[in-house]
Amino acid sequence: MKLKELKERYKNRFSMRMIAGVLCVALAGGSFGVYRLQEDQLTAAGRYFTEEERAAAKKGADTKQKAGKQKADQAVKETLTEQLTAMLASEGTQSLDAKEETVYLITDANGAVRQTIVSSWLKNGSAEAVIEDATELTEIENVKGDETFAQNGQKLTWQANGQDIFYRGTTQKEPPLSEKLTYYLDGQEISPQDLAGKSGKVTIRFDYTNSAKTTVDINGKTAEIYVPFTVVSGMVLDESFRNVRVNNGRVLSDGNRLVAVGIAMPGLKESLDVDEKDFDEDFEFPDHVEVTADVENFSLEMTATVAVAGLMSNGGFSDRLDFSELEDTLDEMSDAMGQLKNGGGDLADGLDTLQESMGGFSDGVGTLANGMNAYTDGVSKLADGIHSLDKSSGTLESGVNVLKDSAKTISDGVQKLDQTLRAEMTEKEQAAIKKEVDQTVAAQFEKGTASYNRIYQEAVQNFEHTMTNDKAVQTVQTGIQAGLNAQGLTSDGVVAALAQYYAANGFTDASGQSYSAEACQATVPGTETTYAAYFANAVLNGGLSSALASGITGGIASQGAASVGEAVVGACETAAKQAGEMAAVSGAQSAKQQIAAAIGAKDEKSGHSLVSGTKALSDGAQRLAQGIPALKDGVGQLVSGADALTGNHAALKEGVAKLSDGAGRISDGVGKLDNGAHELSDGLEEFDKKAVKKMVDAYHGDVKELTLRIQEIAKAGEDYRTFSGAPENMEATTKFIFRTDSIKEKGEEDHK
């Protein structure tokens with residue numbers, strides 16, 4: 001995840017080259033005014049040739065052409081170089097009232113500055129009579145009008161009279177950006193004077209030094225941020241240059257001459273504080289421009305370099321890198337994860353409680369079984385006691401007391417069991433069961449499993465067959481034709497449109513045979529039909545709509561099959577989860593209900609269920625104990641009742657055995673649910689540790705710091721306003737233009 005945002009934006013040098021390529025194409029196809037940049041005189045920024053000046057320039061060019069090829073080539077090179085300068089320097093403020101300044105730096109062939117001239121344009125969109133300006137320039141001169149100014153220190157007051165003001169001046173101030181040109185011949189460094197007239201592999205390297213920087217706070221740490229200058233260097237090369245290559249740039253040719261243009265961003269890598277090793281293998285920051293060519297008799301008229309600050313801020317770049325919503329989302333995710341972990345812990349604790357309660361439930365069932373054994377023993381003793389009642393009244397009384405206590409124990413146990421079984425399952429119990437079912441189903445539908453692959457393949461095959469069969473193609477073809485008819489494009493109309501296009505642009509058939517526009521306009525021998533109409537009919541009748549329909553259906557099938565397959569698998573998984581959850585909850589509830597029904601079912605002979613029977617038994621035992629004084633009078637009847645009671649022993653024991661078996665199964669199920677709940681709680685803890693916390697830590701580490709640096713870089717570009725000075729309340733922009741001297745052999749005319 002480290003530096004991913006930057007890697008996506010600058011993942012290789014191709015993006016930089018494409019920028020320069022677009023500029024070159026614009027240069028070749030555009031219409032730009034020409035800046036006449038000369039060492040002794042400079043026209044004002046924003047001023048373009050008038051029609052009269054263009055005519056004079058053309059006439060001068062014709063004169064030079066007649067004077068000789070060398071002078072004509074010189075004029076072309078100067079014009080193309082100045083067009084490049086005009087194009088790259090044309091960006092400026094769009095405000096009605098603002099200041100645009102262009103800093104021209106005249107340098108020697110190595111890039112050392114010999115003279116600095118600043119041209120300023122005061123835009124007066126509000127048609128003010130007076131414009132207040134500030135500047136550090138000297139030798140100030142109005143270059144496009146007769147408006148006057150008064151100067152007080154660095155303050156200028158122009159009598160604008162509603163007009164824009166164009167003025168220039170000079171300064172000895174060091175620019176915030178400098179360039180150095182180094183020349184190599186066959187791999188060895190050489191001075192530009194010694195390079196003139198030489199032949200071989202020549203390399204011209206532009207290195208730039210950015211001294212405009214500011215200190216900012218990044219996440220509590222002090223960092224240096226450079227003003228983001230975008231620098232473009234270009235030169236015009238004649239036919240003596242071959243195999244021209246430019247790093248971070250492009251080469252454009254008109255057949256006779258070449259224009260080499262490169263782009264660089266000095267200081268960007270230092271501002272970002274990143275290592276190129278963190279990027280793709282062939283990535284490098286564009287901090288220099290290098291032009292290499294095979295040259296015969298080397299000479300160079302000049303090079304031009306344009307630098308503009310603040311390009312990174314255009315279009316709201318810093319706003320698009322605002323990750324505050326992402327930070328809020330990560331914080332919310334972290335809070336939600338904490339709540340989820342707490343909920344998982346509560347679920348595990350609740351199931352622990354349920355499991356502990358099941359121990360009491362099992363004990364109750366055991367008590368019931370023990371009580372049942374005691375009951376049967378008591379009944380036997382009761383019968384013996386009754387039969388020997390006459391001989392031992394003491395034994396009878398003892399047996400009755402045992403029966404009373406045993407019946408009470410059985411009744412209490414059965415009543416407690418009945419209440420437990422008849423209680424509805426809580427939402428927490430149901431949620432725990434559903435969670436275990438969902439995990440089981442999800443494992444069956446994981447990507448790569450047999451279930452997933454089978455459903456996915458069947459869905460994809462069905463979708464592809466549906467979209468590519470003849471019926472689908474015919475339906476789309478009918479729709480295409482209907483659309484054409486709806487727009488008034490009948491077959492004759494389509495043929496006529498195609499014929500008109502071929503007559504204007506020519507035609508190339510499927511085999512690669514080309515026919516020119518003139519050939520398409522000719523008439524097919526023996527007919528009144530032109531070749532253009534013939535080709536149009538051939539294309540239409542050759543299955544154009546059918547091919548389009550096949551392409552459309554085939555594209556839908558290939559692009560949508562995977563999504564359809566995944567959607568079908570997801571739907572099947574959702575349905576399986578829902579069915580499983582319902583079955584599991586229903587099964588558990590049904591088991592409880594079945595056991596409750598079993599102990600509540602009435603015996604046809606006795607009319608009692610286990611619940612009511614044990615209650616009645618307990619009540620009867622109590623009454624029996626109370627009636628012992630009168631027992632002797634009804635010994636005969638008691639003997640009969642004891643015999644009947646003894647006959648129900650087998651059925652009662654069978655019911656208690658079933659109850660004990662059901663209690664064991666319920667206890668096992670609760671144990672599994674409890675284990676699953678603890679696994680869920682542990683899994684949530686691990687997910688929080690290995691995923692959520694790592695995402696939060698990664699954002700607050702590299703990504704957030706890199707984002708803050710890019711925002712500070714954009715702000716530095718926005719804050720850089722002026723080189724020579726401007727009022728605080730005036731919007732201002734600045735661009736820098738470097739021009740190097742020509743490189744000629746001694747005695748050759750030097751055109752600057």
Side-chain angles (χ1 to χ4, degrees), residues 34-42 57 60-85 104-115 178-207 233-247 249 251-262 288-305 737-752:
V34 180
Y35 284 86
R36 297 299 298 171
L37 175 60
Q38 297 182 354
E39 183 175 8
D40 56 348
Q41 184 176 6
L42 182 70
D62 293 340
T63 301
K64 290 181 180 180
Q65 185 176 14
K66 294 177 182 180
K69 182 177 182 300
Q70 181 179 7
K71 292 184 178 181
D73 288 347
Q74 173 69 18
V76 172
K77 292 174 182 177
E78 286 190 352
T79 300
L80 286 176
T81 303
E82 291 162 355
Q83 285 180 336
L84 173 65
T85 304
Y104 296 90
L105 299 116
I106 312 302
T107 76
D108 62 19
N110 290 112
V113 178
R114 292 188 287 104
Q115 185 179 13
S178 62
E179 72 173 0
K180 176 186 177 183
L181 280 75
T182 308
Y183 304 83
Y184 300 88
L185 178 62
D186 295 329
Q188 299 296 320
E189 184 174 349
I190 187 172
S191 68
Q193 295 79 13
D194 294 338
L195 182 59
K198 298 292 192 304
S199 299
K201 182 175 288 295
V202 174
T203 298
I204 305 174
R205 179 184 172 103
F206 294 77
D207 288 291
S233 293
M235 63 185 73
V236 179
L237 309 174
D238 59 22
E239 63 273 12
S240 64
F241 287 77
R242 295 287 186 271
N243 302 321
V244 180
R245 298 289 184 271
V246 183
N247 77 318
V251 178
L252 182 69
S253 172
D254 67 355
N256 295 319
R257 302 170 186 83
L258 302 174
V259 177
V261 180
H288 72 281
V289 173
E290 195 170 89
V291 180
T292 302
D294 296 326
V295 185
E296 184 74 24
N297 191 22
F298 179 90
S299 67
L300 183 66
E301 287 298 331
M302 61 175 288
T303 69
T305 296
I737 301 177
F738 297 78
R739 172 189 166 176
T740 63
D741 286 346
S742 62
I743 302 175
K744 302 278 189 177
E745 289 186 88
K746 292 183 179 180
E748 186 177 3
E749 182 180 3
D750 186 13
H751 298 274
K752 296 183 179 179

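The structure presented is a predicted model; accordingly, all values stated were derived computationally and were not measured.
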### Message
Can you tell me how far apart CZ (Phe738) and OG1 (Thr107) are? Round to the nearest 0.5 Å.
### Response
8.0 Å
### Query
Going from CZ on Arg242 to CD on Glu296, what distance comes out if it is rounded to the nearest 0.5 angstrom?
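Those atoms lie 9.5 Å apart.
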So which heavy atom on [X] is nearest to which on [Y], and how close?
X: Leu237; Y: Ala260; answer: CD1-CB, 4.4 Å
X: Ile743; Y: Ala196; answer: CG2-CB, 3.9 Å
X: Asp238; Y: Ser299; answer: OD2-OG, 4.4 Å

With sequence neighbours excluded, tell me which residues meet side chain to side chain donor-acceptor pair (under 3.5 Å) with [X].
X: Asp207; answer: Arg205
X: Ser191; answer: Asp194
X: Asn243; answer: Asp294
X: Asp108; answer: none

Should [X] and [Y] count as side-chain neighbours, where that means a heavy-atom distance under 4.5 Å?
X: Asn110; Y: Pro192; result: yes
X: Lys201; Y: Thr292; result: yes
X: Arg114; Y: Asp741; result: yes

#### Entry: Residues Val202, Ile204; criterion side-chain contact (heavy atoms from CB on, under 4.5 Å); working and verdict
CA-CA 7 Å; Val202 174; Ile204 305 174; 4.2 Å; yes
### Task
For Phe298, enumerate each residue passing the ring-ring contact (aromatic ring centres under 6.0 Å, His included) test, keeping only those at least two apart in sequence or located in another chain.
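Once residues adjacent in sequence are excluded, the partners of Phe298 under the ring-ring contact (aromatic ring centres under 6.0 Å, His included) criterion are Phe241.
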### Task
State which residue, out of Val244, Val259, Val291, fulfils the side chain to side chain contact (heavy atoms under 4.5 Å, CB included) condition with Val251.
Val244
### Criterion side-chain contact (heavy atoms from CB on, under 4.5 Å) on Glu745 and Asn297, from CA distance to verdict
CA-CA 9 Å; Glu745 289 186 88; Asn297 191 22; 3.3 Å; yes
Show me the donor-acceptor pairs, under 3.5 Å and distance only, between side chains in residues 178-185 and residues at least two apart or in other chains.
residue, atom, partner, partner atom, Å
Glu179, OE1, Thr305, OG1, 2.9
Tyr183, OH, Ala109, O, 2.5

### Message
Whether the Thr303 and Thr740 side chains hold a donor-acceptor pair (N or O, under 3.5 Å, no angle test) is what I'd like checked.
### Response
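Indeed, the side chains of Thr303 and Thr740 share at least one donor-acceptor pair under 3.5 Å.
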#### Entry: Exceeds 12 heavy-atom contacts within 6.0 angstrom, atom CD of Gln188
no
### Message
Under the criterion side-chain contact (heavy atoms from CB on, under 4.5 Å), I'd like the reasoning laid out for Val236 against Met302: C-alpha separation, chi angles, the key distance, then a yes or no.
### Response
CA-CA 8 Å; Val236 179; Met302 61 175 288; over 6 Å; no
